[in-house]
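One structure is given here, and the rest of the page talks about it.
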Protein chains: 2
Amino acid sequence: MSDPLDIVFAALADPTRRAILAMLLEDDMAVTDVAEPFEMSLAAISKHLAILTRAGLIAQEKRGRVKWCKLDPSGMRSASVWMQGFGQFEPVHLDAFERFLERELNEPFPEADTD
Amino acid sequence: MSDPLDIVFAALADPTRRAILAMLLEDDMAVTDVAEPFEMSLAAISKHLAILTRAGLIAQEKRGRVKWCKLDPSGMRSASVWMQGFGQFEPVHLDAFERFLERELNEPFPEADTD
DNA sequence: AGCATATTTAACCGAATGGTTGACGATACT
DNA sequence: AGTATCGTCAACCATTCGGTTAAATATGCT
């Protein structure tokens, strides 16, 4: 798989990963907290997060021993741009979404609660 | 895989299938003609078309011994709606795309050239 | 009827996917 | 220093995927 779109769409094709994205829409989260609602191992979630990262759908940043996950608009944008060129339509209006996410991106990661 | 989005995104994750969609954007085509530019067997293309059909990305209609393939907006729409819901800021704005494709849908399949 | 064309099906194969468990490295707490 | 927590890595397993070839089905032509 070399085309980035392969990777983005494949990443979006899994319900666990889409659920993770939806969770991250509400708030940035640590890996362990992302995993908590799912009935699968932390290692499995870790792999899902790696796939989302590789697809440009999320970004991860380590702070201490905690790795924070946040949405990255670039992956979704590339998918949306393809659909746009495809349908030559007005696709996914990511404008507002991107404004939202890029504001987030330009903000520092939240402080981790020390434990 | 039960969520229809799984099926749509998985269908979009393959470069051959995206290329097929792009071809169908220009014109409805018979299976054999869809297969022609690809360096793989007709059977492989037939499987790809079945996957696109199951995803609601194309519709197929048999006319005589020829099976015509055309774009179906519903699959793309569901993907796009999810992305919108994901961004959740603006209403779904598929107007241009839907006008385009629904015009296509409401036209009869082209007459097959008899051979 | 008999042959050619259009497409799918079946059986198979290697590679990728999505999950598991267990060990490991890194960071924090006391 | 010792222990607990966070997360990844490695090895493994079953299933799915994308392709192949060969046979089967369906329609059309003469």
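In what follows, chains carry the letters A, B, and so on, assigned in the order in which the sequence lines appear, proteins first and then strands, with residues in each chain numbered from 1. Here the structure is a predicted model, which is why all the values come from computation and not from measurement.
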TODO: Decide yes or no on side chain to side chain contact (heavy atoms under 4.5 Å, CB included) for A/Leu12 and A/Leu21, but give the supporting numbers first.
DONE: CA-CA 9 Å; A/Leu12 292 174; A/Leu21 292 175; 3.6 Å; yes

Between [X] ([atom1]) and [N] ([atom2]), how many Å, whole number?
X: B/Asp14; N: C/dA16; atom1: CG; atom2: P; value: 14 Å
X: B/Arg65; N: D/dA26; atom1: CZ; atom2: C1'; value: 10 Å
X: A/Phe9; N: C/dA16; atom1: CZ; atom2: P; value: 21 Å
X: A/Gln60; N: C/dA26; atom1: CD; atom2: C1'; value: 16 Å
X: B/Leu42; N: D/dA22; atom1: CG; atom2: P; value: 15 Å
X: A/Asp6; N: C/dA16; atom1: CG; atom2: C1'; value: 13 Å
X: A/Leu12; N: C/dT17; atom1: CG; atom2: P; value: 14 Å
X: A/Arg63; N: C/dA28; atom1: CZ; atom2: P; value: 11 Å

TODO: Indicate yes or no: does A/Lys70 engage A/Asp27 in a salt bridge with an N to O separation below 4.0 Å.
DONE: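 Answer for the salt bridge query: no.
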
Task: Under-4.0 Å side-chain N/O to phosphate OP1/OP2 contact, B/Lys62 with C/dT7 - done: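 Looking at the OP1 and OP2 atoms of C/dT7, neither is under 4.0 Å from any side-chain N or O of B/Lys62.
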
Open item on the list: If the cut-off is 4.0 Å, is A/Arg17 near the phosphate of C/dG18, judged by side-chain N/O to OP1 or OP2?
Closed with: yes

Task: Upstream residue (5' side of DNA chain C) when B/Lys67 and A/Met40 are each assigned their closest nucleotide - done: B/Lys67

Open item on the list: Using side-chain heavy atoms (C-beta onward) and a distance below 4.5 Å, is A/Arg18 in contact with B/Asp3?
Closed with: yes

Open item on the list: Within the structure provided, determine whether A/Met23 and A/Met29 are in side-chain contact (heavy-atom separation under 4.5 Å).
Closed with: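 They are in contact (side-chain heavy atoms under 4.5 Å apart), so the answer is yes.
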
- [ ] Give the minimum heavy-atom separation between B/Ala11 and B/Leu57, together with the two atoms involved.
- [x] CB-CD1, 3.7 Å

Open item on the list: Can you identify which nucleotide, out of C/dA6, C/dT21, C/dG19, has its nearest atom closest to the A/Ser41 side chain?
Closed with: C/dT21

Open item on the list: Among residues 30-38 of chain A, which ones have heavy-atom contacts with DNA chain D below 4.0 Å?
Closed with: A/Ala30, A/Val31, A/Thr32

- [ ] Go through residues 43-51 of chain B and report each residue with a non-hydrogen atom lying under 4.0 Å from DNA chain D, sorted by number.
- [x]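 The stretch gives B/Ala43, B/Ala44, B/Lys47, B/His48, B/Ile51 as the residues lying under 4.0 Å from the strand, ordered by number.
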
- [ ] Could you tell me whether the side chain of B/Thr53 and the main chain of B/Leu49 form a donor-acceptor pair under 3.5 Å?
- [x]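 A pair under 3.5 Å: yes.
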
TODO: Would you confirm whether B/Arg17, through its side chain, and B/His48, through its main-chain N or O, come within 3.5 Å as a donor-acceptor pair?
DONE: no

Open item on the list: Is the ring pair B/Phe9/B/Trp82 parallel, tilted or perpendicular, if the boundaries are 30 and 60 degrees?
Closed with: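 B/Phe9 vs B/Trp82 ring planes: perpendicular.
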
- [ ] Mind running side chain to side chain contact (heavy atoms under 4.5 Å, CB included) on B/Leu5 and B/Ser78 for me, showing each step along the way?
- [x] CA-CA 7 Å; B/Leu5 281 178; B/Ser78 65; 4.3 Å; yes

